[in-house]
Amino acid sequence: MVENAGKYNKKIEIYSQVKGKDSDGFPVDAETLVLSVWANVVTTKGYTLIVNDTDFEKAYTKFTFRKPVRTEIDRKMIIKYKSKVYTIEYIDDVNEDGTELEIQAKEVTH
């Protein structure tokens with residue numbers, strides 16, 4: 001059971017990406033909103049990376065939220081939060097009880 005529902009205080013959106021073509025036949029990626037949910041968001045801090053002698057490329061943001069009943073989340077999807085885009089690297093069913101998901105994701109930088 002989820003112990004502290006108040007910890008879910010950040011709105012995130014999860015999208016699936018579909019490759020397609022525009023009216024002229026050029027490739028275009030379409031995004032479809034799969035889930036809009038309140039989550040707990042924790043970003044690995046620079047200090048933690050230095051102490052653990054970890055490469056800054058391995059900095060992750062952890063999104064934890066109530067597991068949706070009818071929606072499956074997979075690693076091909078992306079997360080949008082605060083005007084940033086994240087790729088999903090890892091998905092975990094917290095405590096394996098089907099109530100909470102934890103996603104570790106990396107920010108997409110161009």
Side-chain angles (χ1 to χ4, degrees):
M1 181 169 185
V2 179
E3 292 181 23
N4 181 6
K7 71 181 179 180
Y8 304 124
N9 58 2
K10 308 285 192 262
K11 189 67 133 183
I12 66 169
E13 295 177 330
I14 301 175
Y15 291 84
S16 66
Q17 293 183 304
V18 179
K19 296 198 181 294
K21 294 185 178 179
D22 65 12
S23 59
D24 295 321
F26 292 101
V28 63
D29 291 338
E31 295 176 349
T32 303
L33 180 63
V34 173
L35 184 67
S36 180
V37 65
W38 291 96
N40 181 35
V41 180
V42 178
T43 302
T44 307
K45 303 290 185 216
Y47 175 76
T48 303
L49 294 172
I50 292 168
V51 166
N52 293 327
D53 196 25
T54 304
D55 187 350
F56 277 88
E57 289 293 312
K58 295 184 179 170
Y60 289 101
T61 299
K62 180 173 66 172
F63 300 93
T64 308
F65 54 93
R66 287 189 188 103
K67 185 175 182 180
V69 177
R70 294 182 178 88
T71 306
E72 288 296 320
I73 309 296
D74 63 48
R75 292 183 54 215
K76 296 176 187 169
M77 296 178 179
I78 60 168
I79 296 174
K80 290 189 178 182
Y81 169 65
K82 285 192 170 179
S83 303
K84 295 180 181 176
V85 177
Y86 298 83
T87 57
I88 297 174
E89 302 293 316
Y90 177 74
I91 302 171
D92 181 39
D93 181 352
V94 178
N95 298 323
E96 297 180 2
D97 63 5
T99 59
E100 198 173 30
L101 280 183
E102 176 184 291
I103 294 177
Q104 291 194 20
K106 277 192 347 189
E107 182 181 348
V108 176
T109 55
H110 292 83

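Numbers here simply count residues along the sequence, with the first being 1.
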- prompt: Can you tell me if NZ on Lys11 sees more than 12 non-hydrogen neighbours from other groups inside 6.0 Å?
  reply: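 Check passes, neighbour count above 12.
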message: Evaluate Gln17 against Lys76 for side-chain contact (heavy atoms from CB on, under 4.5 Å), listing each step before the verdict.
response: CA-CA 7 Å; Gln17 293 183 304; Lys76 296 176 187 169; over 6 Å; no
Could you see if [X] belongs to whatever hydrophobic cluster contains [Y]? Use Ile, Leu, Val, Met, Phe, Trp, Tyr and a side-chain cutoff under 4.5 Å.
{"X": "Ile88", "Y": "Ile78", "answer": "no"}
{"X": "Tyr81", "Y": "Ile103", "answer": "yes"}
{"X": "Tyr60", "Y": "Phe65", "answer": "no"}

- prompt: Any chance the rings of Tyr86 and Phe63 have centres within less than 6.0 Å?
  reply: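 So the answer is yes for these two rings.
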State, to 0.1 Å, how close [X] and [Y] come at their nearest heavy-atom pair, and which atoms those are.
{"X": "Asp93", "Y": "Gly98", "result": "OD1-N, 3.1 Å"}
{"X": "Met77", "Y": "Glu72", "result": "CE-O, 3.3 Å"}
{"X": "Glu100", "Y": "Asp97", "result": "N-OD1, 4.3 Å"}
{"X": "Asn40", "Y": "Tyr8", "result": "N-CD2, 3.6 Å"}

task: Evaluate the side-chain proximity of Pro68 to Leu101: yes if any heavy-atom separation is below 4.5 Å, no if none is.
output: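 Answer yes - side chains close enough.
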Enumerate donor-acceptor pairs with a distance under 3.5 Å from any side-chain N or O in residues 25-39 to protein atoms, sequence neighbours excluded.
from: Glu31; atom 1: OE1; to: Lys80; atom 2: NZ; distance (Å): 2.6

query: Which value, rounded to the nearest 0.5 Å, describes the distance between Thr61 atom OG1 and Lys106 atom NZ?
result: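 Rounded to the nearest 0.5 Å, the OG1-NZ separation comes to 11.5 Å.
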message: Return the OG1 to CD distance between Thr87 and Gln104, rounded to the nearest 0.5 Å.
response: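 Reported to 0.5 Å precision, the distance equals 11.5 Å.
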